[in-house]
Amino acid sequence: MERIRFQLEDLVTKAAEQCRSEQAFNYSDLPEFAIETPRDEGHGDFACNVAMLLARQARMAPRKIAEEIAARIDVSSVTAVENVEVAGAGFINFFMDDVWLAQVPSLVTQMDAMYGCNPSKRKRIQVEFVSANPTGNLHIGNARGGALGDSLANILIMDGYEVSREFYINDAGNQIDIFAASLEARYLQLLGHSISFPENGYAGKDVADTVQRFIGLHRDNLVELDSEERRRRLVDYALEEKSDYMLKTLADFGVFYDVWFSERSLHESGQVAAVLNALRAKGYLYEEDGALWFRAGNESDVEKDEVVVRANGVPTYFAADIAYHVDKFERGFDRVINIWGADHHGHVARMKSALKAMGYDPDNLDIILMQLVRLFRGTQLIKMSKRTGTTVALDELIEEVGRDAARFSFVMRSSDSGLDFDLQLARQKSLENPVYYVQYAHARIMSIHRQAAAAGVKLIKPEQLDYSVLGSAEKELLRKIADFPEEIAIAARTLAPHRIARYAMDLATIFHSFYNHHRVLNDDESLQNARLLLVELVRITIKNALTALGVEAPDHM
RNA sequence: GUCCCCGUAGCUCAGCUGGAUAGAGCAACGGACUUCUAAUCCGUAGGUCGGGGGUUCGAAUCCCUCCGGGGACGCCA
């Protein structure tokens, strides 16, 4: 379909140039205009806005310009163009011959599971998402990040990028020390020693359970050791257990990673120290109150400088994060995308500023700030608290509402919007739940195929399609199907997976309406053949859209 | 105080890099199952796109400002 757009663009450009040479009107540069798909069918298959954009330069009413251009468009050079009209403020509308829609069936059936994919961009993108602290279970916000990141990665792949999914394990730093102290306290308490629990410690039941399992394996072996060694052994055990569980839970959620990257490894390899040295050499670091600060303040959009090494000599999370992002770009990614919770937004400008200081182009780093999720059960808000462990974790969420409903709910909304997730609503298999609406369309089509097979009706090949039997309802479906690769491109460009959820719902709507008005299996053989092929194209497209979102396309419901 | 997100129908939201008469779902009301799955469809009703300026041929969309809601401003991550 893209080819048609280029051809039309070319037609318009030539016609405009001809206008200039014939002095119909004058302009110096032809503005970058659009060949868009009008919302209203009455406005044709494609519309061009060039006349409005030329109005100022040409000093002529847009409508008049459009007429001059339209009169010079050579329709015969592109066979698929049937008619050109000027409408509205000065739109040039193209009405296409059926020829171009007739290309859709063979395209879809040939590409099948690949339909929607765009040509290779020959670029590598890394998507880093979830990256939860391995000190607790995955919560509802991580679930949104997981659904979003995984879908985005799928969409980028479809749009022709090479994509690597990455999880950054925060297995170093302050919170790990607190975690270790909490583990130690629980360990000693469970073995009957009277010891106070750290004030800011991890008091959740899951932490106690982890310690209990450790005791089951190793009994009281650690009691006699010194505290540092005891903590090290406990935390190593706990981090491994927690990470494994996260991996498993994310896999249950349909999320798989290419790389698990350890923060601790950055310290151990000396990369953090190396980055600090480099920044110091470039004059970006200074000392104040005993700590080492990164000078980010030169950039107008950065509020404050940030500490990279504390007064006690320990590097901060930020220091490690700079080293981490340097490492990402050193691995050769053309573009790096992070999905962060909105509460991290203060970090964005400083991170970019640090990357710039290190000699990288900060524009190659995109950070999606995902607004926070509130969890409800009916009208009751469920408060999140990592410390007390009262939140609903991702594994419980999957258990309660199912993977498909959960993933679709998270990904159907723009990441810019806050999300209220109602457990009661999500578990209902009802109208409130758009995922079933889309899945139902797929199941219905599968049912038609089963009936067809039972009656001995075979699916025809696209080249056998009698195009003339298709009515306006069928053509509307074909047009929507034809849009899919472009939808993928837009979703990839704007980093907005929710567009694909929206698209799937729209396509399902058109299909359900068609289904209720027309029978696929009927007495007219050529009509039946055409419709059966058509619904198969719908099925492929819906399935590919759902797959991009990590949602199943069921055969039965 | 500074910064980020949001404000569109009664509710939940979509609206792509400005484009033609602002769209869905839910809720309300009225219809459609002896026929491929009624988890569906068809119709009716519902809007000063938070307010005010500005840019433009054209603004829900871009800029400024004010109001309202949420969030962040730590030698935590």
Side-chain angles (χ1 to χ4, degrees), chain A residues 32 34 36 38-40 42-43 47 49 51-56 61-63 87-91 93 131 133 135 170 172-176 178 200 263 288-293 301-304 306-312 314 316-318 320-321 341-349 369-372 374 412-418 420 422 425 428-434 436-437 439-441 443-452 455 486-487 489-491 493-494 496 498-499 501-502 505-506 508-509 511-522 531-532 535 556-557:
Chain A
E32 205 170 304
E36 48 198 19
R39 213 174 307 167
D40 188 335
H43 296 136
N49 63 349
M52 281 89 95
L53 300 173
L54 272 172
R56 178 175 274 258
R63 178 103 197 181
F91 288 96
N93 293 336
S131 298
N133 285 332
T135 51
N170 303 138
N174 224 11
Q175 96 279 4
I176 292 296
I178 295 168
N200 293 321
E263 177 185 355
E288 195 174 293
D289 300 331
L292 203 56
W293 294 72
D301 54 347
V302 177
E303 307 161 47
K304 279 192 230 171
E306 189 153 326
V307 171
V308 284
V309 181
R310 301 185 187 93
N312 64 11
V314 179
T316 59
Y317 175 85
F318 180 53
D321 218 14
D343 51 339
H344 287 60
H345 95 266
H347 197 54
V348 173
L369 288 176
M370 178 187 70
Q371 298 300 308
L372 302 178
R374 294 195 303 169
M412 64 185 273
R413 295 282 158 74
S414 156
S415 54
D416 284 339
S417 294
D420 286 349
D422 183 351
L425 222 67
Q428 278 174 29
K429 300 201 166 184
S430 74
L431 313 168
E432 301 273 348
N433 221 332
Y436 298 115
Y437 181 85
Q439 288 182 319
Y440 186 47
R444 268 184 156 173
I445 295 169
M446 288 306 292
S447 173
I448 296 172
H449 281 316
R450 284 190 295 271
Q451 304 272 337
E486 197 198 338
E487 281 295 327
I490 295 171
R493 193 182 67 230
T494 56
H498 74 276
R499 293 191 62 99
R502 200 52 44 189
M505 289 190 272
D506 288 347
T509 297
F511 167 74
H512 283 308
S513 176
F514 168 78
Y515 180 93
N516 273 276
H517 289 100
H518 307 280
R519 285 191 57 86
V520 173
L521 304 177
N522 61 75
R531 286 180 175 166
L532 192 60
V535 296
H556 300 270
M557 281 178 78

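Chain A is the first sequence line, chain B the second, and so forth, proteins listed ahead of strands; every chain is numbered from 1. Below, all heavy atoms of this structure are taken into account, side chains as well, without hydrogens, waters or symmetry copies.
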N/O-N/O pairs, protein side and nucleotides 29-35 of chain B side, under 3.5 Å:
unit_1: B/U35; atom_1: O2'; unit_2: A/R519; atom_2: NH1; d: 2.9

Task: Distance below 4.0 Å between A/S513 side-chain N/O and B/U40 OP1 or OP2 - done: no
TODO: Mark this stacking check for A/H498 against B/A14 as yes or no, applying ring centres under 5.5 Å and ring planes under 30°.
DONE: no
- [ ] Determine the Euclidean distance between corresponding C1' atoms of B/G71 and B/A39; express it in Å to zero decimal places.
- [x] 37 Å
- [ ] Find which nucleotide of RNA chain B each of A/E263 and A/F514 is nearest to by heavy atoms, and output the residue with the more 5' nucleotide.
- [x] A/F514
TODO: Using both distances under 3.5 Å as the test, list the Watson-Crick or G-U wobble partner of B/C62, or none.
DONE: B/G54
Open item on the list: I want to check one thing: is the phosphate of B/C57, taken as OP1 and OP2, less than 4.0 Å away from some side-chain N or O of A/R56?
Closed with: yes
Task: B/U2 pairs with, by Watson-Crick or G-U criteria that keep both distances under 3.5 Å - done: B/A72
Open item on the list: Tell me the closest heavy-atom pair linking A/H512 and A/Y437, and the distance in Å.
Closed with: NE2-O, 3.1 Å
TODO: Kindly point out which of B/C76, B/C36, B/C16 is positioned nearest to the side chain of A/R499?
DONE: B/C16
Open item on the list: Please pick, from B/C16, B/C4, B/C76, the nucleotide with the shortest atom-to-atom distance to any side-chain atom of A/T494.
Closed with: B/C16
Open item on the list: Can you classify the ring geometry of A/H347 versus A/F318 as parallel (below 30°), tilted (30 to 60°) or perpendicular (above 60°)?
Closed with: perpendicular
Open item on the list: Just the rounded figure in Å: distance from P of B/U17 to CD of A/E36.
Closed with: 12 Å
Open item on the list: If I compare all heavy atoms of A/L369 with all of A/G341, which pair ends up nearest, and what's the gap?
Closed with: CD2-O, 3.8 Å
Open item on the list: Of the listed nucleotides (B/A20, B/U12, B/A77), which one gets closest to any side-chain atom of A/A87?
Closed with: B/A20
Open item on the list: Rounded to the nearest 0.5 Å, what separates atom CG in A/L372 from atom CG in A/D420?
Closed with: 11.0 Å
Open item on the list: Would you compute the distance between atom CD1 of A/I176 and atom CG of A/N170 and round it to the nearest 0.5 angstrom?
Closed with: 7.5 Å
Task: OP1 or OP2 of B/C41 under 4.0 Å from side-chain N/O of A/Y437 - done: yes
Open item on the list: Quick check for you: to the nearest 0.5 Å, what is the distance between A/L521 atom CG and A/L532 atom CG?
Closed with: 6.5 Å
- [ ] Kindly indicate whether the side chain of A/N49 and the base of B/A20 share any N or O donor-acceptor pair separated by less than 3.5 Å?
- [x] no
TODO: Please indicate yes or no: is the ring centre of A/F91 less than 5.5 Å from the centre of the six-membered base ring of B/A20, with the two planes inclined by under 30 degrees?
DONE: yes
- [ ] Using the P atom as the reference point in each nucleotide, state the distance between B/G10 and B/C63 in Å, no decimals.
- [x] 28 Å
Open item on the list: Should the side chain of A/H345 and the base of B/C3 be counted as holding a donor-acceptor pair, with the cut-off at 3.5 Å?
Closed with: yes
Open item on the list: Is the shortest side-chain heavy-atom distance between A/R444 and A/Y515 below 4.5 Å?
Closed with: yes
Open item on the list: Only pairs with both distances under 3.5 Å count, Watson-Crick or wobble alike; so what is the partner of B/C26 in this structure?
Closed with: B/G10
Open item on the list: Rounded to whole Å, please give me the gap between CZ in A/R63 and C1' in B/G19.
Closed with: 14 Å
Open item on the list: Please confirm whether the shortest side-chain N or O distance from A/R374 to OP1 or OP2 of B/G71 is below 4.0 Å.
Closed with: no
- [ ] Choose from B/A77, B/G19, B/U37 the nucleotide whose nearest atom is closest to any side-chain atom of A/L53.
- [x] B/G19
- [ ] Answer yes or no: does a side-chain N or O of A/S414 lie under 4.0 Å from OP1 or OP2 of B/C5?
- [x] no
- [ ] Could you state the atom-to-atom distance from NE2 of A/H512 to C1' of B/A39 in whole Å?
- [x] 8 Å
TODO: Have a look at B/C66 and give me syn or anti from its glycosidic angle (syn if within 90° of zero).
DONE: anti
Task: Closest-nucleotide 5' rank along RNA chain B - winner of A/F318 and A/D420 - done: A/D420
TODO: Mind calculating the distance between CZ (A/R502) and P (B/A14) to the nearest angstrom?
DONE: 7 Å
Open item on the list: Heavy atoms from C-beta onward define the side chain here; which of B/G70, B/G15, B/U37 lies closest to that of A/A443?
Closed with: B/U37
TODO: Please examine the side chains of A/R502 and A/E487, heavy atoms only from C-beta on, and report whether any two atoms are closer than 4.5 Å.
DONE: no
Task: Given B/C4, B/G19, B/C42, the nucleotide with the shortest approach to the side chain of A/M52 - done: B/G19
Task: Rounded distance in Å - CG (A/N312) to P (B/G74) - done: 18 Å
- [ ] For the side chain of A/A89, starting at C-beta, report the closest nucleotide among B/G19, B/A38, B/A14.
- [x] B/G19
TODO: Take the protein atom CG of A/D321 and the nucleotide atom P of B/G74, then report the distance between them rounded to whole Å.
DONE: 18 Å
Task: B/G51 to B/G68 separation - P atoms, rounded to the nearest Å - done: 15 Å
- [ ] Check for a donor-acceptor pair, side chain of A/T509 on one end and backbone N or O of A/M505 on the other, with a separation under 3.5 Å.
- [x] yes
- [ ] Measure from the side chain of A/Y440, starting at C-beta and using heavy atoms only, and say which of B/A20, B/A39, B/C76 lies closest.
- [x] B/A39
Open item on the list: Between B/A45 and B/C26, how many Å separate the two C1' atoms, rounded to a whole number?
Closed with: 15 Å
- [ ] Sort out the partner of B/A45 for me: Watson-Crick or G-U wobble, both distances under 3.5 Å, none otherwise.
- [x] none
Open item on the list: What is the separation between atom CD on A/E487 and atom P on B/C16, rounded to the nearest whole Å?
Closed with: 11 Å
TODO: Looking only at non-hydrogen atoms, find the nearest pair between A/P62 and A/A89 and report the distance.
DONE: CB-O, 3.4 Å
- [ ] Compare the minimum distances between each of B/G71, B/C36, B/C42 and the side chain of A/H517, then state the nucleotide with the smallest one.
- [x] B/C42
- [ ] With C1' as the reference atom in both, quote the distance from B/U8 to B/U48 in angstrom, rounded to an integer.
- [x] 12 Å
Task: Value rounded to 0.5 Å, distance of CD in A/E263 from OH in A/Y317 - done: 6.5 Å
Open item on the list: From C-beta outward on A/D416, which listed nucleotide comes closest to its side chain: B/A72, B/A14, B/C5?
Closed with: B/C5
TODO: Check the distance between B/U2's P and A/E306's CD and give it to me in whole angstrom.
DONE: 21 Å
- [ ] Provide the Watson-Crick or G-U wobble partner of B/U37, both distances under 3.5 Å; none if there is no partner.
- [x] none
TODO: For B/A38, take OP1 and OP2 only and decide whether either is under 4.0 Å from a side-chain N or O of A/R444.
DONE: yes
